[in-house]
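Positions are given from 1 along the sequence.
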Amino acid sequence: MTTIQHTIENELQTLRDVLRWTTSQFNAAELFYGHGNADAFNDALQLILHSLHLPATAFPDLFADAKLTLAEKQAIAVLVERRITDRVPVPYLTHEAWFAGIPFYVDERVLIPRSPFAELIQDQFMPWLTDPDSVMTILDLCTGGGCIAIACAAAFPDVQIDAIDISSDALAVANINIKKHDLINQVQTIQSDLWSALHDQKYDLIVSNPPYVGADEMASLPAEYLHEPTSALEAKDNGLALVEQILLHAAEFLTAEGLLFVEVGNSDFAVMEKWPDIEFLWLDFEEGGHGVFLLNRDQCVVFAQRYK
């Protein structure tokens, strides 16, 4: 029995005890919080309440001083051990992550959703999209676990959405989430290497959160990120290889008034340095986040003409 298991099982009694102690241990271990929680307390709270099958609103009003059974403490100890020793992010331990106010199943086949796209989607891409009712089709390019596609379905309930990814493993998770939210008739998954499986489709919105992390940034990532699929994070050419392919062909799949939104995170400066003559519109977010640009179809045409 490890020290963590012994302490939780034998020295702690109530939910309040376990939460306080786990928070302290997370702080002492200097864990990284970048997968849905901002600090040790909220990381511990999510992990423990999920283990107890309690809603996030359960603490502290109702159950803070409730004594835990030995079986409950044992289950919590196993997850706390993995979080501290192996640096596994909490959503992989609970198999649940929230995006745009929606719960999703996640495992290590897909990235844990954390994109600023959530804010854009909930705002129906306004003010850049002037008439949300005009949108008939949306493409989520590099969908991963389907979070962006499903959030778009919630924001645009009458719109057909294609969710594309090269990874069959990722699409398996996306299909779990599509079924979970009863969206089989609205969201379609397509296995494709970017545009390769598409033909004459046209989309009013194309939204993409592709792999965009360069080799130098990959080498500096905290240990928690190493549990995520490398192929969903890293891209060649300083993170821009896939972004370039998206830009070169986007115009072919956009309607006349169509818009392209792409997230590139910390590769935003690399984008501006490589294509300085393209007038990317970089978006600001009230809820935090950066590195998302917008181009319309005409701008995508210009890009293709200059760089093909």
Side-chain angles (χ1 to χ4, degrees), residues 99-102 104 113 115-166 170-171 173-210 242-243 245-264 279-283 285 292-305:
F99 179 76
I102 302 169
F104 291 93
S115 171
F117 270 131
E119 183 179 328
L120 280 175
I121 295 167
Q122 290 175 309
D123 291 340
Q124 290 187 305
F125 296 90
M126 293 190 287
W128 300 279
L129 180 63
T130 56
D131 182 11
D133 292 336
S134 69
V135 176
M136 296 289 104
T137 53
I138 297 175
L139 172 63
D140 176 14
L141 192 59
C142 306
T143 191
C147 301
I148 288 175
I150 290 168
C152 284
F156 299 87
D158 298 321
V159 171
Q160 287 299 307
I161 300 166
D162 287 341
I164 284 181
D165 206 284
I166 192 174
L171 292 179
V173 176
N175 284 321
I176 290 171
N177 284 313
I178 290 167
K179 185 176 180 181
K180 172 184 175 74
H181 293 289
D182 195 24
L183 292 170
I184 294 174
N185 294 326
Q186 187 181 0
V187 182
Q188 173 187 359
T189 58
I190 302 171
Q191 186 171 8
S192 179
D193 184 359
L194 295 181
W195 312 105
S196 63
L198 298 180
H199 300 289
D200 298 324
Q201 293 97 320
K202 300 289 185 182
Y203 300 96
D204 299 303
L205 288 177
I206 297 177
V207 184
S208 186
N209 181 10
L242 295 177
V243 174
Q245 291 305 309
I246 291 169
L247 290 170
L248 284 173
H249 299 283
E252 302 167 32
F253 299 94
L254 284 167
T255 58
E257 302 299 321
L259 300 176
L260 170 70
F261 294 85
V262 181
E263 179 177 347
V264 296
E279 295 183 3
F280 297 99
L281 176 60
W282 295 96
L283 308 186
F285 297 93
V292 175
F293 67 75
L294 161 64
L295 293 177
N296 61 34
R297 184 183 180 279
D298 290 343
Q299 291 171 309
C300 292
V301 169
V302 171
F303 185 97
Q305 290 172 341

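A donor-acceptor pair under 3.5 Å links the side-chain atoms of Arg297 to the main chain of Ala251, judged by distance alone. Under a 3.5 Å cut-off, the side chain of Asp193 and the backbone N or O of Ile166 do not form any donor-acceptor pair. Looking only at distances, no side-chain donor or acceptor of Gln245 sits under 3.5 Å from a matching main-chain atom of Leu242. Judged by distance alone, with hydrogens and angles left aside, the side-chain atoms of Gln201 form a donor-acceptor pair with the main-chain N or O of His199 at under 3.5 Å. Between the side chain of Asp123 and the backbone N or O of Met126, no donor-acceptor pair lies under 3.5 Å.
Of all heavy-atom pairs between Ile206 and Ala250, the closest is CD1-O, 4.2 Å. Considering all non-hydrogen atoms of both residues, Leu294 and Gln299 come closest at O-OE1, 4.3 Å. Between Phe117 and Ser208 the shortest heavy-atom distance is CE1-O, 3.4 Å. When all heavy atoms of Ser134 and Asp204 are compared, the pair lying nearest together is O-OD2, 3.9 Å.
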* Between Leu205 and Val159, is a side chain to side chain contact (heavy atoms under 4.5 Å, CB included) present by the stated rule, with each step listed? -> CA-CA 11 Å; Leu205 288 177; Val159 171; over 6 Å; no
* Please test Phe99 against Ile121 for side chain to side chain contact (heavy atoms under 4.5 Å, CB included), starting from the C-alpha separation and ending with a verdict. => CA-CA 10 Å; Phe99 179 76; Ile121 295 167; 4.2 Å; yes
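Sorted by first and then second residue, the side chain to side chain donor-acceptor pair (under 3.5 Å) pairs involving residues 173-188 (not counting sequence neighbours) are Asn175-Thr189. Every pair passing side chain to side chain donor-acceptor pair (under 3.5 Å) that includes a residue from residues 153-164 is listed here, sequence neighbours excluded: Asp162-Tyr203.
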Would you give me the side-chain donor-acceptor pairs under 3.5 Å for residues 140-156, sequence neighbours excluded?
| residue | atom | partner | partner atom | Å |
| --- | --- | --- | --- | --- |
| Asp140 | OD2 | Thr143 | OG1 | 2.6 |
| Asp140 | OD2 | Ala149 | N | 3.1 |

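Put simply, the side chain of Leu260 reaches to within 4.5 Å of the side chain of Ile246, judged on heavy atoms. The shortest distance between side-chain heavy atoms of Leu139 and Leu198 falls below 4.5 Å.
To the nearest 0.5 Å, atoms CH2 (Trp128) and CG (Leu283) are separated by 4.5 Å.
Residues passing the salt bridge (Lys or Arg N to Asp or Glu O under 4.0 Å) test with Glu252 are Lys308, sequence neighbours excluded. For Ser192, the side chain to side chain contact (heavy atoms under 4.5 Å, CB included) criterion is met by Ile164, Ile190, Ser196, Ala197, not counting sequence neighbours. With sequence neighbours excluded, the residues forming a ring pair (Phe, Tyr, Trp, His ring centres under 6.0 Å) with Phe303 are Trp275, Tyr307, listed by chain and number.
Taking the six-membered ring for Trp and thresholds of 30 and 60 degrees, Phe261 and Phe125 have ring planes inclined between 30 and 60 degrees apart.
Around the CD atom of Gln191, the shell of radius 6.0 Å holds more than 12 heavy atoms that belong to other residues, nucleotides or ligands.
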